Amino acid sequence: MPDLKTEEMVVQMGPQHPATHGVLRLEITTDGEIVRKINPHIGYLHRCFEKHCEELNYHQIIPFVDRCDYLAAMNNEHGYVMAVEKLLDIEIPERVEYIRVIMSELNRIASHLVALGTYGLDIGAITPFLFTFRDREKILDLFEMTSGARLLYNYIWIGGVAFDLPNGFVEKCFEFIDYFLPKLKEYDDLLSYNKIFIKRTAEVAIIPPAVAIEWGITGPNLRASGVDWDLRRDEPYSIYDKFEWDVIVADGRVGVLGDSWSRYYVRVLEMEQSASIVKQALEGLPSDENVKSAVPKKVRPKEGSVFFRSENPRGELGYYIISDGSDIPYRLKMRSPAFCNLSAISDVGEGLLISDLVSLLGSIDIVLGEIDR
Amino acid sequence: MDYFIQIVTDLLPGLNGLPQWLVIPSIMFLFGALIFTGIAIYSLIILWFERKIAAHMQDRLGPMEVGGWHGWLQTVADAVKLLLKEDIIPAVADRKLFKLAPYIVFLAAFAVFAALPFSDKIIGSELNIGIFYILSVSSVGVVGILMAGWGSNNKWALFGSMRSVAQFVSYEIPIGLSILVVVMSVGSLSMRDIVMAQDGGIFNWMIWQNAPFNFIAFLILFIAGTAETNRVPFDIPEAESELVAGFHVEYSGMRFSIFFLAEYANMLAVGIIASTLFLGGWQGITGASSAPGIGLIWMLLKGFLIVLVMIWFRWTLPRLRVDQLMYVCWKVLVPISFFNMVGAGIWIGLSS
Amino acid sequence: MRAYFIDIFSGVGSVLVGMRVTFSHLFTRSVTEQYPREKIEMFDRSRNRLHVDIEDCIGCYLCDKACPVDCIHIDTIKARPGEDLGLTEKYEKKKTFVFPKFDIDMAECCYCGLCVFPCPTECIYWISDYEFAEYDRSNLNYHFGNVTPEDARVRYEEAEKLKIQKDKEIAAKKAAAGTEIPSQPKDDSTESAE
Amino acid sequence: MESSEVFKLIESKYPDALKSIDLEGIEQSVTIDVNSIADVCNYLKTESELQFTSLMCLSGVDYEDKMEVVYHLHSLLHDHRVTLKVELSRDNPKLPSVSGVWKAANWHEREAYDMYGIVFDDHPDLRRILLPDDWEGFPLRKDYVVAEKYRGWTIRKIKEGFE
């Protein structure tokens with residue numbers, strides 16, 4: 001039999017493609033449906049964040065930090081603010097720390113909800129997406145009540161927070177957690193343990209722990225590979241050491257460690273833990289402290305540099321700030337987790353089917369705003 | 001058809017004046033037009049239903065504005081919008097294939113209706129090989145899909161049509177095997193005979209016959225039928241998160257709406273075929289009614305019910321991968337339907 | 001073989017579980033708000049549109065400086081001596097500045113709220129009007145200035161005259177004091193010559 | 001392990017490579033010679049006592065008189081971290097790539113090249129990453145002048161009313 005004439009085909013996946021979550025372009029070389037080579041092109045959403053930071057004073061950067069990872073703005077603010085505070089070397093009131101942790105964890109839940117919903121959408125299930133957005137809406141209501149905005153908060157300030165918690169926040173937040181925890185069961189029924197979903201995601205696009213560490217993958221994606229590492233526990237910042245909670249590490253209960261399903265399910269379980277942290281923080285919230293008492297009049301750190309990492313919903317968010325003594329940072333570099341997570345795709349994605357590539361992309365939960373900055 | 005000719009000639013006595021060679025074609029044309037409008041109206045209704053059901057399953061309201069009560073005119077408005085939209089043909093497309101493809105897809109879906117028995121009397125053509133005709137005609141649709149994918153000159157569209165062809169060809173087999181079970185127990189390929197064999201109320205329906213065999217055959221027919229109509233969880237030819245929209249990614253306006261119409265027509269066809277074969281066709285729960293209108297209503301009701309379950313599927317399930325789709329067909333449905341057919345054959349042989 | 005059948009049955013089972021969930025939601029209350037007819041009540045802190053009570057403004061430019069995107073444009077002219085500018089909200093007599101220009105460009109605004117905090121008189125604040133879509137972007141540039149352009153031109157000229165007069169006075173004073181006049185004008189002339 | 005101890009280990013292993021140690025301030029760092037950075041990194045990663053398995057961050061910095069590349073390393077196993085710095089001349093910023101040591105360095109180095117024009121030798125795929133391939137200049141350099149035109153499109157520098 002003569003050899004079949006086969007040719008590889010170059011297909012442009014994106015920048016306008018529903019599975020690329022924004023404006024990512026993957027130049028994929030396919031052999032039939034099998035992806036042989038992936039060449040990611042990023043930068044379609046580049047907004048010169050780092051250049052902007054060299055023009056703005058420390059406080060004015062906060063709204064820009066929000067816009068990097070727009071799904072987890074509170075976490076981004078929290079990390080940035082802590083980095084600057086480390087540079088300034090100031091103490092902040094305990095109530096502020098509690099409020100920040102509550103906000104960060106609520107935003108982690110909100111961000112994971114989006115990750116879950118859109119992942120379902122990538123796999124083809126539409127209803128879970130709307131369910132998760134329905135529940136996320138309630139968190140956004142809490143945020144709007146506190147900070148005035150639903151997405152880009154500018155709430156956590158250097159040395160404090162913009163407002164104290166409004167009246168009725170604590171009750172509403174408890175109410176939300178009581179409402180939310182049973183919903184996790186519903187997601188499990190509808191999506192997580194659906195046989196088709198498992199078939200699509202389990203044992204697909206496996207990232208072994210060594211590969212994950214090599215590529216600098218962090219956060220839920222790293223824990224899905226079985227690496228027990230969480231900055232909140234292992235290098236406790238803020239007041240995370242005061243709460244009792246578990247670091248979720250995938251156990252490969254369906255499929256194997258490091259597959260898409262693990263990456264998905266780590267997020268589901270993490271939401272439960274976050275809810276528990278919020279609950280503990282609400283119970284231990286110190287009363288009556290001025291949340292703005294430590295806000296400095298003028299942020300003028302002395303010369304020096306700091307590299308500070310915090311746990312974002314997508315992984316470890318690092319800020320490298322160099323100060324030259326003025327009120328404008330000399331250099332601000334953001335180590336965005338999704339950027340590092342995505343860089344592994346050309347390695348991990350080779351040899352997958354197109355459908356599995358979509359499943360991989362969705363499971364590493366990228367936010368293009370953060371990748372491109 | 002004879003019955004229909006009777007009615008029409010009774011209603012329009014003027015037709016008798018026409019030459020004989022013109023009467024039959026014009027009445028055929030009339031019947032075709034009726035079916036076409038029927039499909040169009042049904043599509044609008046089922047589309048509205050689908051939106052509302054989807055919305056409520058997702059804790060939403062769905063369309064609420066156009067036409068007043070629960071936006072019942074929304075789909076009509078959308079249809080008008082689609083028809084008025086500019087029809088864009090890509091510059092590098094194969095224009096002839098591109099233009100022709102939607103009509104062929106629709107033609108295949110439409111031709112099936114010629115042999116479907118809507119009631120005792122209303123049947124386009126009473127073929128003695130009715131079910132065989134339906135099987136063969138419906139597989140023409142895949143040619144149209146392949147033309148659409150190739151003619152668009154778009155790689156995603158090509159992927160979609162390639163997947164679609166594989167899917168169509170594979171799922172024909174379990175459908176054929178499960179239909180055979182019914183044909184064996186009735187002993188006829190004629191749709192009318194099949195319905196007549198289920199006379200006498202709900203317990204005589206084919207689905208309950210031959211112990212578990214017919215029931216399994218019904219399930220297989222339903223699953224494979226869902227796959228044939230490219231519905232979730234088998235919608236991989238159009239998988240919007242993978243292939244954007246698959247074979248109809250380049251279509252817009254009216255041509256797109258024809259694809260849409262064909263999909264919904266196919267859904268209704270699957271519903272009607274399944275209910276004819278297994279659910280007693282035009283006969284009610286207590287048995288056939290003598291009034292012709294009642295039969296039609298029963299038939300549409302049953303077809304509708306099956307379409308609703310398909311909609312329910314769509315808003316619940318994720319999508320299979322292309323190799324898993326083949327797995328489900330060749331390793332699950334085909335063996336089961338094959339053993340099911342053999343088992344049914346033995347059962348029929350023993351019981352007769 | 002056993003695994004094969006277990007696979008099929010668990011598959012069918014999980015599909016049925018999922019279908020039960022969606023079916024139960026068919027009858028629960030939906031969460032949609034029918035927007036133009038039903039409106040959600042805004043929270044007190046909601047950031048929707050900026051508003052300035054120009055009577056209270058003291059022209060300190062703090063909001064302008066705080067804005068990270070430079071969407072606030074202010075221009076001030078000193079009020080005429082003894083001019084009555086009306087009363088502020090606190091029924092105090094207003095003085096010092098008039099504003100030929102106090103523009104907030106909501107098309108550029110990033111809704112961060114940084115301008116609201118430093119204001120010493122709390123005259124810039126968020127109002128709950130969120131329905132301000134426009135067909136033309138320039139309509140989103142809100143003007144809060146309290147002086148008409150013609151009036152502003154007159155005032156500018158007056159201020160210019162006043163300045164020249166003052167400069168002269170200072171020069172005269174300095175001359176009278178016998179100090180040397182700084183070589184500033186000389187430098188100016190050389191620069192312009194170049 | 002404290003940073004200072006790591007520095008001592010480096011000093012004993014590569015006495016020539018170590019240029020200076022900064023133990024003051026919030027962040028302790030060590031400056032490594034340009035040519036031996038890849039070797040030092042390889043040592044830091046493979047040495048069983050250290051095992052800096054992950055490169056957290058790689059950033060370029062432009063101090064108007066010199067360029068710097070800063071490496072933040074972290075060991076998941078021993079939970080310690082270290083900051084390395086490499087000083088480069090501003091006219092010809094060039095240094096060996098560490099993408100052979102950590103794959104994570106790949107995109108970080110591309111970004112540093114994109115923003116500062118720092119050339120990493122032996123990098124597998126040194127292209128611009130965030131900016132278009134035909135962009136001129138390196139925007140995060142302190143002397144960068146914002147381009148006014150790109151492919152014939154005007155990039156407005158100063159806004160003057162609406163168009």
Side-chain angles (χ1 to χ4, degrees), chain A residues 8-14 16-21 28-30 32-35 117-135 137 183 186 189-204 260 264 352-359 361-362, chain B residues 50-51 53-62 149 153-167 223 226-227 230-246 249-250 311-328 331-332:
Chain A
E8 288 186 340
M9 183 158 78
V10 178
V11 187
Q12 303 290 343
M13 197 169 185
Q16 288 93 5
H17 188 284
T20 53
H21 293 247
I28 53 178
T29 311
T30 58
E33 291 244 345
I34 299 166
V35 178
T118 51
Y119 191 44
L121 211 55
D122 283 345
I123 302 298
I126 301 159
T127 306
F129 170 74
L130 284 133
F131 282 4
T132 55
F133 266 61
R134 174 198 66 200
D135 298 342
E137 223 34 39
K183 294 287 170 198
E186 206 172 273
D189 280 349
L190 193 57
L191 193 64
S192 312
Y193 285 102
N194 185 298
K195 194 81 188 172
I196 299 173
F197 183 73
I198 288 174
K199 284 273 176 202
R200 278 299 303 278
T201 53
E203 294 175 38
V204 163
S260 293
Y264 162 86
L352 299 176
L353 291 168
I354 290 180
S355 319
D356 288 344
L357 180 64
V358 169
S359 154
L361 255 184
Chain B
E50 170 151 25
R51 282 171 167 196
I53 289 174
H56 283 279
M57 278 178 174
Q58 296 165 347
D59 288 355
R60 297 184 287 127
L61 284 173
N153 201 355
N154 178 316
K155 286 165 183 171
W156 296 115
L158 189 62
F159 272 131
S161 55
M162 266 156 46
R163 285 176 173 193
S164 183
V165 172
Q167 182 180 346
I223 293 169
T226 315
N230 295 341
R231 298 284 296 184
V232 170
F234 308 103
D235 71 333
I236 58 152
E238 39 197 277
E240 77 265 18
S241 59
E242 294 157 23
L243 303 185
V244 195
V249 64
E250 295 285 1
I311 289 171
W312 187 6
F313 266 162
R314 171 163 181 187
W315 298 103
T316 307
L317 298 177
R319 177 187 309 122
L320 285 165
R321 201 169 60 203
V322 63
D323 60 323
Q324 287 160 354
L325 187 89
M326 291 295 132
Y327 178 93
V328 168
K331 289 196 168 170
V332 179

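Each chain gets a letter, A, B and so on, in the order the sequences are listed, and its residues count up from 1. Because the structure is a prediction, the values reported are computed rather than measured.
- For A/Arg134, the part sitting under 4.5 Å from any heavy atom of chain B is the side chain, from C-beta outward, and nothing else.
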Q.
Could you go through A/Thr30 and B/Lys155, starting from their C-alpha distance and side-chain angles, then the distance that decides it, and tell me whether this counts as side chain to side chain contact (heavy atoms under 4.5 Å, CB included)?
A. CA-CA 11 Å; A/Thr30 58; B/Lys155 286 165 183 171; over 6 Å; no
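- The candidate from A/Leu191, A/Ile126, A/Leu190, A/Ile354 with the greatest count of non-hydrogen atom pairs under 4.5 Å with chain B is A/Ile126.
- Of the atoms belonging to A/Gln16, not a single heavy atom falls under 4.5 Å from chain B.
- A 4.5 Å side-chain heavy-atom check between B/Tyr327 and A/Lys199 finds every atom pair outside the cut-off.
- Proximity to chain B is absent for every atom of A/Leu357, based on heavy atoms less than 4.5 angstrom apart.
- Separation of atoms CH2 (B/Trp315) and CG (A/Leu130) is listed at 8.5 Å; rounding is to 0.5 Å.
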Q | side chain to side chain contact (heavy atoms under 4.5 Å, CB included) between B/Val244 and A/His17, intermediate numbers included | A | CA-CA 6 Å; B/Val244 195; A/His17 188 284; 3.6 Å; yes
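- Contact of A/Met13 with chain B is made through backbone and side chain together, with heavy-atom distances under 4.5 Å.
- Proximity to chain A involves both the backbone and the side chain of B/Gln58, based on heavy atoms less than 4.5 angstrom apart.
- The distance from atom CD1 of A/Ile123 to atom CG of B/Leu317, rounded to the nearest 0.5 Å, is 13.0 Å.
- The part of A/Phe131 that comes within reach of chain B is its side chain, from C-beta onward, which places non-hydrogen atoms under 4.5 angstrom from that chain.
- With chain A as the partner, the residue from B/Arg163, B/Met57, B/Arg319, B/Arg314 showing the most heavy-atom pairs under 4.5 Å is B/Arg319.
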